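Contents: one structure, followed by commentary.
Note that the coordinates shown come from a computational prediction; the quantities given were computed from them, not determined experimentally. One is the number of the first residue; the rest follow in order along the sequence.
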Amino acid sequence: MNLAEEFSHYAYPLTDKSWQSALPNFTLTTSGEISQKPKISVVIANYNNAPYLKKMLDSLVHQSLAAEHIQIMFLDDKSTDDSVKIVETYIEKYPSIELYVLDKNTGGAHGPRNVGILNARGEYMVFLDADDWYALDALAYMTDLLDRSGDDFAVTGMVQSINGHLSMKSKPYYYEGEIFNRDINSLSPEFYGWLGPQAVIVRSAMVHDNNLHFVNQRVADDVTFFYQAMRFSKTITQGDRLTTYLNRDADNEGLSKTINRNFMISWLRALGYIHRTYPDDLSKEKFISRRLEWLVWDFILRTDIGYAFGKKRFKDFKTQIDYYLGQIDFDPTRHFRTGARVVAWQYLKEEDFAKIMSFHRWHRISHLGVRKFKAFEFDGEQFAFKRFNKKHPLVKINVRAIAEKIEEDKFYFKCFTREKVEYVELRELKDPYHNRVRLKVKSLGESSYVIHLPKDFDNESYRLLVITDLWHEHGFEGFAQLFNKR
């Protein structure tokens, strides 16, 4: 099939509503009390997530937003575990829950989510993965944001949990504070580094009026949905509160093996549709650039995925990029976060697969050298990975911050980076997601900076990080030794 037929086969075109009739039937069970006009519909696609459902459901039934304002839509894709039984116990105890059991498995989250779209009654809509969960004030805050802004799309704060360890995610969503009616072309490239269902709320009328839906593929279906939602919204709202917890307990080598050739094709199909459908602007350029950078990392620089490493993979990747995206009238590397990926893209563009192999071998060794032996080069302005062969390009390190001295409350440091130093952040180790303080940085020239430490600063309880305009963050080498010697 040609490209247009392929897009149609996977239900991409928004002019076609055949995706609706292709959905399976379902059996519906509801709580005794449900609202016909809820404020918000929570769409939860599920397949065999029984171990995680209690935490997710508890976060919903105990929301600060009153139950009569919430439509909890649990859409089960023919699970074979105890998922349905667990939800049924909540239906017996709590209002506002609707259980949709699909008659057949649709093969991905797109099927249940699309059933949810067609049956959502709320003014607003969110999509929650069955193994994630919300802060207890999340829905009240998210709906209030769109009430106040009038926008059709809002993002809020998110952290990810890996076996109980929390780390920050999607920093550009919420680090800048509450911003209303922001043009999507003004968003930073890093904003587009994450664009899934987590921590996002949309206006239901915008979804329905534009025939938005999730495309019929397991990978990259949500990214096309939310990027198109942004395009139709034109302006968005950014919140400053943490609302969403992303479960990544399953991140392991086995999960990496799902990054295979089908994964690659699905992503490039999605990017190709966006590129060929929407006019060029900064939003599209940043979005496609950041996604291509992800794919360069996966299919050029990684070896631990489900597609055999080697020249055959590189050639296939380049062929598929050319097929799906065609002509790209911008340089995506201007939005890449790391120098190694810039080099890899350049070699890929030149189809110099031998150089890719050579560069890859050095790249793996260089990271080991930095971690274990502090093997750097310094060009007078910035640190770079140590080259053992001068034929390799100089790949600069994003950020390196080095403590110099502490005098009373003044902390002097060097920061070598190709980016702009925005500020230094003070984080409480026990609760870094709510207790964050920005410290103003004064430039002294020649990569030298100074900040004022708070009088009650305790190096055992707090951590200092330099933050750049590309949202890289880095601790200060040698700070603990300096602080303890004061």
Side-chain angles (χ1 to χ4, degrees), residues 40-61 63 70-84 86-87 90 97-102 105-117 119-120 122 124-136 138-139 142 154-164 166-170 173 193-202 207 212-215 217-227 229 242-252 254-255 258-259 263 266:
I40 185 168
S41 298
V42 183
V43 177
I44 307 154
N46 176 74
Y47 179 72
N48 287 353
N49 283 292
Y52 304 103
L53 296 186
K54 184 178 186 303
K55 191 165 194 174
M56 182 274 296
L57 287 166
D58 283 346
S59 78
L60 289 172
V61 298
Q63 285 288 307
I70 306 173
Q71 179 189 14
I72 301 173
M73 308 177 69
F74 189 90
L75 300 116
D76 189 79
D77 202 20
K78 204 70 173 176
S79 291
T80 58
D81 65 3
D82 291 333
S83 292
V84 170
I86 292 171
V87 178
Y90 277 79
I97 303 174
E98 302 175 8
L99 170 61
Y100 298 74
V101 180
L102 276 57
N105 180 269
T106 63
H110 58 279
R113 286 173 177 165
N114 284 337
V115 173
I117 288 174
N119 291 277
Y124 304 123
M125 195 182 303
V126 292
F127 297 86
L128 179 65
D129 283 354
D131 54 350
D132 298 342
W133 67 97
Y134 280 135
L136 296 185
L139 298 184
M142 295 167 87
V155 293
T156 52
M158 169 177 45
V159 297
Q160 67 178 0
S161 173
I162 302 177
N163 300 322
L166 299 180
S167 59
M168 293 184 176
K169 200 77 174 174
S170 70
Y173 278 19
W194 184 270
L195 200 59
Q198 296 84 4
V200 175
I201 180 173
V202 296
V207 173
L212 285 178
H213 58 278
F214 293 85
V215 297
Q217 58 187 47
R218 294 189 65 180
V219 177
D221 60 317
D222 51 4
V223 172
T224 54
F225 177 92
F226 288 104
Y227 182 70
L242 170 64
T243 64
T244 309
Y245 292 82
L246 172 65
N247 188 332
R248 281 293 180 264
D249 286 354
D251 272 3
N252 52 37
L255 187 62
T258 65
I259 302 176
F263 179 100
S266 295

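Under the side chain to side chain contact (heavy atoms under 4.5 Å, CB included) rule, Val200 has a single partner from Asp222, Thr156, Val155, Leu195, which is Val155.
Tyr100 places no side-chain N or O within donor-acceptor distance of the main-chain N or O of Asp77, the cut-off being under 3.5 Å. Here the side chain of Gln63 pairs a donor or acceptor atom with the backbone of Ala135 at under 3.5 angstrom. One N or O on the side chain of Asn49 and one on the backbone of Tyr47 form a donor-acceptor pair closer than 3.5 Å. Here the side chain of Ser41 pairs a donor or acceptor atom with the backbone of Gly122 at under 3.5 angstrom. Remark: side-chain polar atoms of Glu98 are not paired, donor with acceptor, to backbone N or O of Ile72 under 3.5 angstrom. Listed for the Arg218 side chain is a donor-acceptor partner under 3.5 Å among the backbone atoms of Gly107. Side-chain atoms of Ser79 never come within 3.5 Å of backbone atoms of Asp81 as a donor-acceptor pair (strictly under, hydrogens ignored). Listed for the Asp132 side chain is no donor-acceptor partner under 3.5 Å among the backbone atoms of Leu128. Checked by atom type and distance alone, the side chain of Gln198 never pairs as donor or acceptor with a backbone atom of Ser170 at under 3.5 Å.
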Please walk me through it: do Val42 and Leu60 pass side-chain contact (heavy atoms from CB on, under 4.5 Å)?
-> CA-CA 9 Å; Val42 183; Leu60 289 172; 4.1 Å; yes
Could you walk me through whether Asn114 and His213 pass the side-chain contact (heavy atoms from CB on, under 4.5 Å) check?
-> CA-CA 6 Å; Asn114 284 337; His213 58 278; 3.5 Å; yes
How far apart are the C-alpha atoms of Tyr245 and Met158, what are their side-chain angles, what is the distance that settles it, and do they pass the side-chain contact (heavy atoms from CB on, under 4.5 Å) test?
-> CA-CA 6 Å; Tyr245 292 82; Met158 169 177 45; over 6 Å; no
For the pair Asp76 and Asn46, evaluate side chain to side chain donor-acceptor pair (under 3.5 Å) and give the outcome as yes or no after the intermediate values.
-> CA-CA 5 Å; Asp76 189 79; Asn46 176 74; 2.7 Å; yes
Apply side-chain contact (heavy atoms from CB on, under 4.5 Å) to the pair Ile86 and Lys54, showing each step before the final yes or no.
-> CA-CA 8 Å; Ile86 292 171; Lys54 184 178 186 303; 5.5 Å; no
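Met73 has its side chain out of reach of Ile44: every pair of non-hydrogen atoms, C-beta onward, lies at least 4.5 Å apart. For the pair Tyr52/Trp133, no side-chain contact is recorded, criterion being any heavy-atom separation below 4.5 Å from C-beta on. By the 4.5 Å heavy-atom criterion applied to side chains, Val43 and Ile117 are not counted as neighbours. Looking only at side-chain heavy atoms (C-beta outward), Lys169 and Val159 stay at 4.5 Å or farther from each other.
When all heavy atoms are compared, the tightest approach of Gln71 to Asn119 is NE2-O, 3.2 Å. Summarising the geometry of Pro112 relative to Thr106, their closest heavy-atom pair is CD-OG1, 3.4 Å, with the distance given to 0.1 Å. Nearest heavy-atom pair, Ala229 versus Val202, reported as atom, atom and distance to 0.1 Å: CB-CG1, 4.4 Å.
The aromatic rings of Phe127 and Phe214 sit perpendicular, their planes meeting at an angle over 60°, well past the 30° parallel limit.
In this structure, the separation between CG on Leu242 and OH on Tyr134 is 12.0 Å, given to the nearest 0.5 Å. The CG atom of Leu139 lies 7.5 Å from the CD1 atom of Ile201; values are rounded to the nearest 0.5 Å.
Asp129 meets the salt bridge (charged side-chain N to carboxylate O under 4.0 Å, His left out) test with Arg113; sequence neighbours excluded.
A donor-acceptor contact closer than 3.5 angstrom is absent between the side chains of Asn247 and Ser161. Between the side chains of Gln160 and Ser167, a donor-acceptor pair is found at a separation under 3.5 Å. Between the side chains of Asn48 and Ser83, not a single donor N or O lies within less than 3.5 Å of an accepting N or O.
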